[in-house]
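To find a chain, count down the sequence lines: A is the first, B the second, and so on, and within it residues start at 1.
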Amino acid sequence: MTREEWYSTLEQRHGADLQQKFSQSCVAVCGLGGLGSNTAISLARSGVGMLILIDFDKVDISNLHRQQYAVSHLGMYKTEAMKNILTEIAPYCSVITHNVKLTDENLSLIADCDIVCECFDNAENKAILVNGVTERYPEKYIVAASGMSGLHSCNTIVTKKYGKRLYICGDGTSEVSDDGTLFAPRVMLCAAHQSNMILRIIAEKFEV
Amino acid sequence: MIKINGTEQDSAGKSVAQFLAENGYDIKRVAVELNEGILLKSQYEDTFLKDGDVMEVVSFVGGG
């Protein structure tokens with residue numbers, strides 16, 4: 001499959017103008033767990049030109065129930081495992097990996113992206129990233145997630161907009177420490193909300 | 001009155017930081033939208049609520 005064949009196929013489906021916007025966009029996926037592994041795959045499949053993948057963790061057996069990794073990835077850094085997966089799915093997507101914990105100190109790792117996708121697990125880290133990007137990179141869009149644990153109805157997961165550039169997907173309330181665990185479908189649904197909102201932003205459709 | 005998360009509340013004169021503390025929010029988990037802009041954390045202490053303000057407080061929950 002050549003680069004020309006790949007892009008021509010995407011252009012036939014998305015239209016040349018929209019595909020050009022996707023191709024020229026860069027999204028930073030911050031955290032490669034249940035949310036991040038799913039959003040990275042959706043965005044790469046859709047023809048987003050560049051992804052910055054950030055995670056410090058390795059693939060563990062406890063990840064397989066909801067994250068897009070396979071047995072063959074166990075023990076690998078999630079950044080490398082996801083890069084391998086994306087190479088199979090969307091070989092012409094440019095993938096930059098940072099095998100670190102993203103904090104206020106190294107937030108400049110996302111400096112080159114247009115849209116930040118917050119996919120962390122920990123509530124405080126979510127708030128640190130959202131507030132940090134708002135303060136230091138006010139021109140960037142942020143698509144975050146809050147509340148997708150348990151077996152609650154899928155119909156409670158929504159996308160909400162705050163201010164001009166912050167979007168938060170989820171039910172807003174289901175806390176993993178209360179529900180005990182996360183289940184693949186709701187995490188994938190929340191990640192789908194995030195991915196869809198990101199594509200909408202790139203397409204200049206800013207309303208939820 | 002101030003509309004906070006959709007409910008009218010009589011919190012005029014309080015700083016955002018004071019409101020969050022009095023209402024049990026964990027400041028380390030929140031993002032605040034005030035009058036359609038995201039309020040920087042560094043401004044929570046010095047931003048005072050006034051009648052007619054519209055504020056949304058998002059308290060992040062864990063899981064991802």
Side-chain angles (χ1 to χ4, degrees), chain A residues 30-39 66-67 104 117-136 138 142 144-150 160-166 168-183 186-187 190-191 194, chain B:
Chain A
C30 304
L32 289 173
L35 296 169
S37 62
N38 280 292
T39 52
R66 73 182 193 282
Q67 305 182 15
D104 268 343
C117 187
E118 180 281 308
C119 295
F120 292 155
D121 190 45
N122 178 279
E124 289 183 15
N125 291 339
K126 289 173 179 286
I128 288 170
L129 181 61
V130 165
N131 287 300
V133 172
T134 301
E135 182 147 7
R136 288 174 54 189
I142 313 167
S146 179
M148 74 303 294
S149 64
K160 292 184 179 175
K161 186 180 183 184
Y162 298 88
K164 287 192 165 49
R165 290 168 188 264
L166 170 61
I168 302 178
C169 307
D171 63 28
T173 57
S174 65
E175 159 77 53
V176 69
S177 59
D178 298 333
D179 284 318
T181 191
L182 296 136
F183 293 86
R186 282 188 106 232
V187 178
C190 192
Q194 291 183 282
Chain B
M1 298 293 271
I2 296 145
K3 196 169 191 178
I4 301 173
N5 291 356
T7 306
E8 297 280 349
Q9 297 193 37
D10 185 14
S11 300
K14 291 179 180 174
S15 71
V16 171
Q18 188 183 0
F19 172 85
L20 294 173
E22 287 179 5
N23 287 274
Y25 285 104
D26 180 349
I27 202 167
K28 295 196 293 292
R29 289 182 170 217
V30 302
V32 175
E33 178 194 50
L34 182 62
N35 300 331
E36 302 186 347
I38 303 302
L39 191 66
L40 301 183
K41 268 205 144 133
S42 55
Q43 297 172 337
Y44 288 3
E45 292 282 349
D46 298 328
T47 301
F48 293 89
L49 297 170
K50 57 187 188 304
D51 282 334
D53 280 349
V54 178
M55 183 166 76
E56 290 283 329
V57 181
V58 177
S59 190
F60 284 96
V61 293

Original post:
Ignoring hydrogens and geometry, is there a side-chain-to-backbone donor-acceptor pair from Asn122(A) to Gly64(B) under 3.5 Å?
Top reply: no
**OP:** Say whether, by atom type as modelled, one donor and one acceptor occur between the side chain of Ser149(A) and the main chain of Gly63(B) under 3.5 angstrom.
**Re:** no
**OP:** Measure distances from Ala144(A) to the heavy atoms of chain B and classify the residue's part below 4.5 Å as side chain, backbone, both or neither.
**Re:** side chain
Subject >> Atom CD of Gln43(B) with >12 non-hydrogen neighbours under 6.0 angstrom >> reply: yes
**OP:** May I ask you to test the Tyr162(A)-Val32(B) pair for a side-chain heavy-atom distance under 4.5 Å?
**Re:** no
Subject >> Contact class of Asn35(B) relative to chain A, heavy atoms under 4.5 angstrom >> reply: neither
Original post:
Are Glu33(B) and Lys164(A) close enough for a salt bridge, meaning some N to O gap below 4.0 Å?
Top reply: no
Original post:
Hey, mind stepping through Thr134(A) and Leu40(B) against side-chain contact (heavy atoms from CB on, under 4.5 Å) and telling me if it holds?
Top reply: CA-CA 7 Å; Thr134(A) 301; Leu40(B) 301 183; 4.0 Å; yes
**OP:** Please tell me if the side chains of Val58(B) and Ile168(A) come closer than 4.5 Å, counting only heavy atoms from C-beta onward.
**Re:** yes
**OP:** Determine the minimum heavy-atom distance between Gly163(A) and Ile38(B), stating which atoms define it.
**Re:** N-CD1, 4.1 Å
Original post:
Does any heavy atom of chain B fall under 4.5 Å from the side chain of Arg165(A), the backbone, both, or neither of them?
Top reply: neither
Original post:
What closest approach, in Å, do Phe60(B) and Ala123(A) show between heavy atoms, and which atom pair accounts for it?
Top reply: O-CB, 3.4 Å
**OP:** Give the minimum heavy-atom separation between Ser146(A) and Ser59(B), together with the two atoms involved.
**Re:** OG-O, 4.1 Å
**OP:** Can you tell which part of Ser174(A) gets under 4.5 Å to a heavy atom of chain B, answering side chain, backbone, both or neither?
**Re:** backbone
Subject >> From NZ (Lys160(A)) to CD (Glu56(B)), nearest 0.5 Å >> reply: 7.0 Å
Original post:
Which answer fits Glu36(B), side chain, backbone, both or neither, if we ask what part of it has an atom under 4.5 Å from a heavy atom of chain A?
Top reply: backbone
**OP:** Considering non-hydrogen atoms only, spot the tightest contact between Glu124(A) and Asp26(B) and give its length.
**Re:** OE2-OD2, 4.2 Å
Original post:
Counting only heavy atoms not in Lys161(A), do more than 12 fall under 6.0 Å of its NZ?
Top reply: yes
